[in-house]
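Computed from a predicted model, the values in this text were never measured in an experiment.
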Amino acid sequence: MTGQELKALRQRTGLSQAALASAIGMSRESIGRMERSSETVERRTELALRYIALKGLPTERSVTTVYEEVARVLDDAAVRAAPSIERTEKLKQAFEDWTSAGGNDAGRQLIHRAQGVIGLINVTDPRDGAWAQVMSDLSRVKRDWSAVKP
């Protein structure tokens, strides 16, 4: 990739040199030198920019956003009461996002509990005698989650 190609791709993504540099762990000055062809465009820089152009910059989710997502997952589980791998994946991501956004330990523990309850919904037949206990556990997690409010 030439410096001109780097600059054109960066501009198409709508990023400043500083924003691109920050996103990929470089200095703005290095990006400028690469664009002017004073420095070789490193392969990692090219790949990072192509990824950003395709997917966009990663965004950090706030504790409030993660809180709302978990509440929606719990509500959905209570209403639908059916297996869902999607809920499991959303809670897994929520756990990571809650931690990285600086969420409190109580919230982290509740997300972990929610993962367990959702896992039980996924493997318990509604005709099973344990179903009532699973749904009761879900109700408790929902109640405790509503008290966490960020």
Side-chain angles (χ1 to χ4, degrees), residues 1 6 9-35 39 41-150:
M1 172 179 266
L6 173 67
L9 186 55
R10 176 187 59 79
Q11 289 174 334
R12 276 198 312 267
T13 63
L15 295 174
S16 66
Q17 288 179 343
L20 173 60
S22 175
I24 63 175
M26 296 183 78
S27 70
R28 185 202 57 76
E29 293 79 12
S30 291
I31 298 295
R33 285 191 300 271
M34 285 182 216
E35 287 182 359
E39 279 185 21
V41 177
E42 296 176 3
R43 182 76 173 143
R44 77 176 189 97
T45 304
E46 177 185 350
L47 293 174
L49 183 55
R50 289 188 188 281
Y51 180 84
I52 291 168
L54 182 66
K55 299 285 188 176
L57 287 174
T59 56
E60 284 192 24
R61 300 190 321 153
S62 69
V63 171
T64 303
T65 303
V66 177
Y67 175 86
E68 291 166 356
E69 170 88 7
V70 171
R72 281 192 300 274
V73 168
L74 294 173
D75 288 343
D76 179 63
V79 170
R80 298 188 198 286
S84 170
I85 297 301
E86 183 181 338
R87 281 189 219 116
T88 303
E89 292 302 317
K90 284 183 179 181
L91 286 176
K92 182 178 177 183
Q93 187 62 51
F95 186 85
E96 294 170 14
D97 291 346
W98 182 268
T99 302
S100 67
N104 62 30
D105 192 49
R108 206 171 73 243
Q109 290 176 6
L110 272 169
I111 294 171
H112 186 70
R113 275 182 48 205
Q115 288 173 322
V117 171
I118 296 300
L120 287 172
I121 289 171
N122 288 342
V123 298
T124 305
D125 188 306
R127 296 175 299 235
D128 189 322
W131 184 254
Q133 182 62 46
V134 171
M135 296 312 288
S136 176
D137 290 348
L138 176 60
S139 293
R140 273 194 299 278
V141 169
K142 282 181 55 149
R143 182 195 65 226
D144 293 348
W145 186 251
S146 67
V148 168
K149 289 258 185 191

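Taking CE of Met135 as the start and NZ of Lys142 as the end, the distance is 9.0 Å to the nearest 0.5 Å. Rounded to the nearest 0.5 angstrom, Glu68 CD and Thr65 OG1 are separated by 6.0 Å. Atoms CD and CD1, on Glu96 and Ile111 in that order, are 10.5 Å from each other to the nearest 0.5 Å. The line from CG of Asp75 to CG of Leu138 is 9.0 Å long, rounded to the nearest 0.5 Å. Here the straight-line distance linking atom CE of Met34 with atom CG of Leu6 works out to 7.0 Å at 0.5 Å rounding. For the atom pair NZ of Lys92 and CD1 of Ile85, the computed distance is 11.5 Å after rounding to the nearest 0.5 Å.
Nearest heavy atom pair, residue Val66 against residue Ala94, reads CG1-O, 3.5 Å. The two residues Ala77 and Ile118 make their nearest non-hydrogen contact at CB-CD1, 3.4 Å. Scanning all heavy atoms of the two residues, the minimum distance from Ala53 to Leu9 falls at CB-CD1, 3.8 Å. In terms of heavy atoms, Ser62 sits closest to Ala101 at C-CB, 4.2 Å. Heavy atoms only, all atoms of each residue included: Asp137 and Val117 are closest at CB-CG2, 3.9 Å. The two residues Arg10 and Thr13 come nearest to each other via the heavy atoms O-OG1, 2.6 Å.
Residues Lys90 and Arg72 form no side-chain contact, since every pair of their non-hydrogen atoms from C-beta on lies 4.5 Å or further apart.
Side-chain N or O atoms of Thr45 include none that pairs as donor or acceptor with a backbone N or O of Val41 at under 3.5 Å. Side-chain atoms of Ser22 do not come within 3.5 Å of backbone N or O of Ala18 as any donor-acceptor pair. Not a single donor-acceptor pair under 3.5 Å links the side chain of Asp128 to the backbone N or O of Trp131.
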Next on the checklist: Would Tyr67 and Trp98 count as a ring pair (Phe, Tyr, Trp, His ring centres under 6.0 Å) here? Give the steps.
Outcome noted: CA-CA 8 Å; Tyr67 175 86; Trp98 182 268; 7.0 Å; no
Checklist entry - What do the steps show when you test Met1 against Arg50 for side-chain contact (heavy atoms from CB on, under 4.5 Å), and what is the final call? => result CA-CA 11 Å; Met1 172 179 266; Arg50 289 188 188 281; 3.4 Å; yes
Checklist entry - Step by step, would you call Arg44 with Met26 a side-chain contact (heavy atoms from CB on, under 4.5 Å)? => result CA-CA 11 Å; Arg44 77 176 189 97; Met26 296 183 78; 3.4 Å; yes
Next on the checklist: Under the criterion side-chain contact (heavy atoms from CB on, under 4.5 Å), I'd like the reasoning laid out for Val63 against Asp97: C-alpha separation, chi angles, the key distance, then a yes or no.
Outcome noted: CA-CA 8 Å; Val63 171; Asp97 291 346; over 6 Å; no
Item to check | Arg43 vs Leu47, side-chain contact (heavy atoms from CB on, under 4.5 Å): CA-CA, chis, key distance, verdict | outcome: CA-CA 6 Å; Arg43 182 76 173 143; Leu47 293 174; 3.8 Å; yes
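Contacts of Asp144 classified as side-chain contact (heavy atoms from CB on, under 4.5 Å), with partners at least two apart in sequence or in another chain: Leu110, Arg113.
Inspection of the Asn122 and Thr88 side chains reveals an N or O donor paired with an N or O acceptor under 3.5 Å. A donor and an acceptor atom, one from each side chain of Ser139 and Ser136, are nowhere located under 3.5 Å apart.
Within the structure, the salt bridge (charged side-chain N to carboxylate O under 4.0 Å, His left out) test picks out the following pairs touching residues 15-33 (sequence neighbours left out): Arg33-Glu39. Among pairs with a residue in residues 14-23, none fulfils salt bridge (charged side-chain N to carboxylate O under 4.0 Å, His left out), at least two apart in sequence or across chains.
Arg80 CZ: 12 or fewer foreign heavy atoms inside a 6.0 Å radius.
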